[in-house]
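Remarks on the structure that follows.
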Amino acid sequence: MSTDYTKVFQDAAAVEKYENITYAPDSYASQINQRQRDYLRTLVRREFGPRAPVQHDFACGTGRAIRTLHGLVREAHGYDTSAEMMAKAAEVGSHATWHQVAPDGPVPEPVEAGFPAIVTMFRLLLNVDEEIRDRALAFAAKALPTPVSGVLVVENHGNAGSLRHLRARRHRDDRWFAELSHEQIERMLAKHGFEVVERRGFSMITPSLHGSALARAADAAMRRLPGTDGYAVNVLYTARRIHA
C-alpha cells in the first residue's frame with residue numbers, strides 16, 4: 001500500500017493518464033464503470049424514489065461517480081485533495097460544486113445540503129492507510145447522521161476473496177498492491193456506525209485476463225450465478241447508519 005497515494009494526483013500528467021488510459025474506452029476499468037453505473041442508477045431510484053438525494057462524493061477524482069448519477073440527484077458536491085483532479089472533472093463534464101480538502105487534519109465538513117443524501121467513495125479505501133480510511137468514513141458519518149439520512153456506497157477494487165488474491169504472494173513487495181476482505185470493510189464501516197445492507201460484485205476476472213474473449217465470456221456467465229458477488233474482484237458495498 002502506498003502512503004503517497006494522496007500526493008500522486010497532484011500531478012497533471014498522472015490525472016491525464018488516469019482519465020484517458022486507465023479509463024480508455026473498452027478498458028477493464030471503463031467496463032466495470034459502466035456496470036457500476038447501471039447498478040447505482042437502479043439503486044438510487046429504488047432507494048429514494050421521487051425524492052432526489054444530494055450526492056457527496058468523497059475523493060471524487062475526475063468525477064466518475066458524479067457523472068454516474070447525473071439527473072438523479074438534486075445537487076452534487078465533490079471533495080478531493082487534488083485541485084488537478086477536480087479541474088479535470090469539470091473539464092470532462094462532471095456537474096458538481098467542488099471542494100478541495102486537506103490531506104490530513106480535522107475531518108472535513110460536508111456541505112449542509114439537506115437530506116436525503118448519498119455518499120459515494122470510489123477507489124479510495126484500498127489505496128490509503130488506516131488513518132485516511134477513518135477520516136473518510138468519519139466524513140460519511142457526518143454527512144449521514146441517522147439511519148434515515150440516506151446511504152453510503154463504497155468501493156473495494158481489490159477483494160481479498162477473489163481471483164486477484166492468487167497474485168498476493170508475487171506482489172508482496174509491490175507498494176501499489178493491496179487487498180481488503182469483506183470482513184475488513186464491514187469492520188471499518190461498523191467502527192463509524194454503519195452496517196452493510198447490500199453487496200454487489202462487478203468482475204470475476206482480473207485486468208490481465210480482460211484481453212481474452214474466453215475469459216470475458218466466463219466472467220459474464222459467472223456473474224449471473226447466485227452467490228458469486230462475494231468472489232468478485234471489484235465490489236460495491238451499500239451501507240446505512242445504525243448509530244452515532
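Only a predicted model underlies this, so the values are computations on that prediction, with no experimental measurement involved. Values below: every heavy atom of this structure, side chains too, minus hydrogens, waters and symmetry copies.
With hydrophobic clusters built from ILVMFWY side chains whose heavy atoms lie under 4.5 angstrom apart, I66 does not share a cluster with V154. Linking ILVMFWY side-chain heavy atoms closer than 4.5 Å, directly or via other members, places V196 and M121 in a single hydrophobic cluster. The cluster map of Ile, Leu, Val, Met, Phe, Trp and Tyr, joined by side-chain heavy atoms under 4.5 Å apart, puts I132 and V119 in the same cluster. Note: the hydrophobic cluster containing V73 does not contain V54 (ILVMFWY, side chain heavy atoms under 4.5 Å, direct or indirect links). Side-chain heavy atoms closer than 4.5 Å link hydrophobic residues (I, L, V, M, F, W, Y) into clusters, and following such links, even through other members, never connects V44 to F115.
F122 is not listed as a side-chain neighbour of C60, based on a closest heavy-atom distance of 4.5 Å or more. Residues K142 and E109 are in side-chain contact: their nearest non-hydrogen atoms beyond the backbone lie under 4.5 Å apart. Counting heavy atoms from C-beta on, the side chains of E47 and V151 come closer than 4.5 Å. At a threshold of 4.5 Å between non-hydrogen side-chain atoms, the residues N156 and N234 do not count as touching. For the pair R45 and R41, the minimum side-chain heavy-atom distance is below 4.5 Å. By the 4.5 Å heavy-atom criterion applied to side chains, L180 and N159 are not counted as neighbours. Using a 4.5 Å heavy-atom threshold, the side chains of R64 and N33 count as touching. With a 4.5 Å cut-off on side-chain heavy atoms, E130 and M188 do not count as touching.
Between the CD atom of E183 and the CD1 atom of I185 there is a distance of 10.0 Å, given to the nearest 0.5 Å. In this structure, the separation between OG on S82 and CD on Q100 is 7.5 Å, given to the nearest 0.5 Å. Atom CD1 of I242 is separated from atom OG1 of T146 by 12.5 Å, given to the nearest 0.5 angstrom. Rounded to the nearest 0.5 Å, atoms CG (L137) and CG (L152) are 6.5 Å apart. Here the CD-OG1 distance, from E84 to T62, works out to 13.0 Å after rounding to the nearest 0.5 Å. From E155, atom CD reaches atom CG of L125 across 9.0 Å, with rounding to the nearest 0.5 Å.
Between the side chains of D80 and H99, not a single donor N or O lies within less than 3.5 Å of an accepting N or O. There is a side-chain donor-acceptor pair under 3.5 Å between S94 and R67. For H182 and Q184, the side-chain atoms include no donor-acceptor pair closer than 3.5 Å. A donor atom on one side chain and an acceptor atom on the other are found under 3.5 Å apart for T120 and Q55.
Using modelled atom types, no side-chain atom of R241 and backbone atom of S149 make a donor-acceptor pair closer than 3.5 Å. A donor-acceptor pair under 3.5 Å is absent between the side-chain atoms of R200 and the main chain of L236, judged by distance alone. With R135 contributing its side chain and P106 its backbone, the two residues share a donor-acceptor pair below 3.5 Å. A donor-acceptor pair is defined here as one N or O able to donate and one able to accept, closer than 3.5 Å; such a pair exists between the side chain of R35 and the backbone of F202.
Ring orientation note: the planes of H56 and Y79 are tilted relative to one another, at an angle of 30° to 60°.
Taking each heavy atom of A90 and W98 in turn, the nearest pair found is CB-NE1, 3.9 Å. Annotation for F58 and A136: closest pair CE2-CB, 3.6 Å, computed over non-hydrogen atoms. In plain terms, the two heavy atoms of F194 and A239 that are nearest each other are CB-CB, 4.0 Å. Between A52 and L72 the shortest heavy-atom distance is CB-O, 3.7 Å. Here the closest non-hydrogen pair linking T206 and L163 is CG2-C, 4.4 Å. Of all non-hydrogen atoms in V101 and P108, the two that sit nearest each other are CG1-CB, 3.9 Å.
Salt bridge absent: R133 and D129 never bring a charged side-chain N and a carboxylate O closer than 4.0 Å. The pair E198-R46 meets the salt-bridge criterion, since a charged nitrogen lies less than 4.0 angstrom from a carboxylate oxygen. Note on D57 versus R123: no salt bridge recorded, every NZ/NE/NH1/NH2 to OD/OE distance being 4.0 Å or above.
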Hey, mind stepping through D229 and V235 against side chain to side chain contact (heavy atoms under 4.5 Å, CB included) and telling me if it holds? CA-CA 7 Å; D229 285 334; V235 183; over 6 Å; no

Would Y28 and V233 count as a side chain to side chain contact (heavy atoms under 4.5 Å, CB included) here? Give the steps. CA-CA 12 Å; Y28 178 83; V233 173; 3.8 Å; yes

Kindly indicate, with the supporting measurements, whether the criterion side chain to side chain contact (heavy atoms under 4.5 Å, CB included) is fulfilled by N127 and H157. CA-CA 9 Å; N127 298 305; H157 59 293; 3.2 Å; yes

Is there a side chain to side chain contact (heavy atoms under 4.5 Å, CB included) between T97 and E75? Walk through the geometry before answering. CA-CA 8 Å; T97 302; E75 59 183 277; 5.9 Å; no

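Shown here is F48, whose CZ atom has more than 12 heavy atoms of other residues, nucleotides or ligands within 6.0 Å.
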